[in-house]
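Notes for the one structure printed next.
The structure displayed is predicted, hence computed values, not measured ones. Numbering of ligands and ligand atoms starts at 1, following listing order. All values below come from the heavy atoms of this structure, side chains included, with hydrogens, waters and symmetry mates left out.
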Amino acid sequence: MTANSPPPEIWDQLCQSILRAWPRFRWSGVGVVIGCSGGADSVALVRAMHHLRQQPGADPPSGFLTIAHFNHATRGAESDRDESFVRSLADQLDLPIVAQRSEQTDARDEESLRKMRLRFLQETAEQQGARYVAVAHSSDDNVETVLHHLLRGTGPTGLAGIRPYRSLGQDTVLIRPLLSVSRDCIRTALGAIHQPWCEDSSNASRDYRRNWIRHELIPLIQSQYPDASEAISRAAATQRDWVQTIESMADDWRMQHVHVGDTVVIDRDRETDPSVIIRAMQQLWSTQGWPMQGMSHSHWQRIFQYVSETQAGVCMLPGAIRMESTDECVVLQRDG
Ligand SMILES: Nc1ncnc2c1ncn2[C@@H]1O[C@H](COP(=O)(O)OP(=O)(O)OP(=O)(O)O)[C@@H](O)[C@H]1O
């Protein structure tokens with residue numbers, strides 16, 4: 001694609017999908033850091049944002065685009081090949097790049113690697129004064145995530161899939177502008193502009209369950225339900241709307257009924273729906289930094305029963321949290 005030739009239609013459609021998810025006025029004139037692994041999805045995001053920012057009048061001088069690459073160094077020469085590839089992409093587009101090589105190469109599980117690179121992306125955005133960290137999850141990532149949550153056991157938030165955006169620290173927003181675009185479309189669009197990318201040879205083995213969902217389960221589902229991915233994406237989007245509604249109701253309820261001091265005092269309430277009270281309690285756990293891992297569905301239900309006074313007494317919750325009901329309220333206190 002040259003500056004004078006019109007972009008191929010599929011490439012144009014990909015850029016339009018980004019603009020629908022992330023309108024120009026939100027990113028124009030501010031700093032954006034794009035997490036780029038060298039894989040097709042994030043290479044497409046870099047190319048598309050670079051293209052969109054070059055449109056006449058699209059980006060005032062205060063705006064900037066920086067590529068960030070975290071070299072996990074877990075795949076030997078292949079990790080270094082990916083870093084060099086991303087460096088030359090930055091070079092070719094004349095974009096600044098921040099690349100960091102992990103010092104902790106013994107961490108192999110996906111969760112620790114993800115936390116490390118997210119911390120790096122957040123720090124890069126803070127150092128650069130960027131407003132956004134953009135990452136390139138696709139609609140297929142979303143479908144796989146919903147199925148993974150569903151099969152593992154989840155609540156409404158898990159069924160809502162990957163969030164299109166969320167805050168990352170105080171001043172940064174993590175955004176996923178390719179969430180409505182399929183992996184196939186992304187690859188076809190890159191082909192149309194003759195842009196290569198790196199394939200990660202460990203994709204097939206790193207996260208066993210994720211790969212089983214991707215390579216076995218989804219093709220099996222699609223053999224009977226060809227439009228299943230679109231159906232799951234739509235269901236997740238509707239679920240996300242519901243979650244947002246409950247989230248803001250829970251927020252209001254917490255402001256009115258929960259009093260945080262040396263102990264946490266919760267006013268009794270016999271009227272409010274359990275989903276709102278339970279979500280408010282989950283928000284409380286998170287703001288107090290209390291451990292969530294041990295909390296099961298029945299623990300959240302029990303708190304609701306104490307608050308709505310269908311059950312009374314004293315009990316211990318995971319993380320050494322003592323819950324006691326009095327005539328007027330419920331008191332929570334963390335022992336030790
Ligand atoms: N090594 C990396 N350096 C910079 N950014 C990265 C790197 N790896 C992934 N990313 C960014 O994160 C996006 C998602 O990648 P990947 O699917 O591996 O992510 P994840 O964070 O493990 O999420 P999930 O497994 O939940 O889908 C990529 O498209 C890219 O934008």
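With salt bridges taken as basic N to acidic carboxylate O contacts below 4.0 Å, one links R75 and D82. Between D327 and R268 there is no salt bridge, since no side-chain nitrogen of the basic residue lies less than 4.0 Å from a carboxylate oxygen of the acidic one. At a threshold of 4.0 Å, the pair D41-R187 counts as salt-bridged, since one of the basic side-chain nitrogens sits closer than that to a carboxylate oxygen.
Taking distance alone, with nitrogen or oxygen atoms compared against 3.5 Å, D141 stays at or beyond that limit from ligand 1. In terms of polar-atom proximity, defined here as any N/O pair under 3.5 Å, I162 makes no such contact with ligand 1.
The stretch residues 236-259 participates, sequence neighbours left out, in these ring-ring contact (aromatic ring centres under 6.0 Å, His included) pairs: W253-H257.
Heavy-atom proximity to S42, at under 4.0 Å, picks out these atoms of ligand 1: 29 (O), 30 (C), 31 (O). If you number the atoms of ligand 1 from 1 as listed, the ones under 4.0 Å from a heavy atom of G35 come out as 4 (C), 5 (N), 11 (C), 30 (C), 31 (O). Ligand-side atoms of ligand 1 in range of V135: 11 (C), 12 (O), 13 (C), 31 (O), range being under 4.0 angstrom from any heavy atom. Listed by atom number, the atoms of ligand 1 under 4.0 Å from C36 heavy atoms are 3 (N), 4 (C), 5 (N). Listed by atom number, the atoms of ligand 1 under 4.0 Å from A68 heavy atoms are 4 (C).
Here the shortest heavy-atom pairing between P318 and G294 reads CG-O, 3.4 Å.
Residues satisfying the salt bridge (charged side-chain N to carboxylate O under 4.0 Å, His left out) criterion with R279, sequence neighbours excluded, are E247.
With E83, R114, R117 as candidates, the residue nearest to atom 18 (O) of ligand 1 on a non-hydrogen basis is R117.
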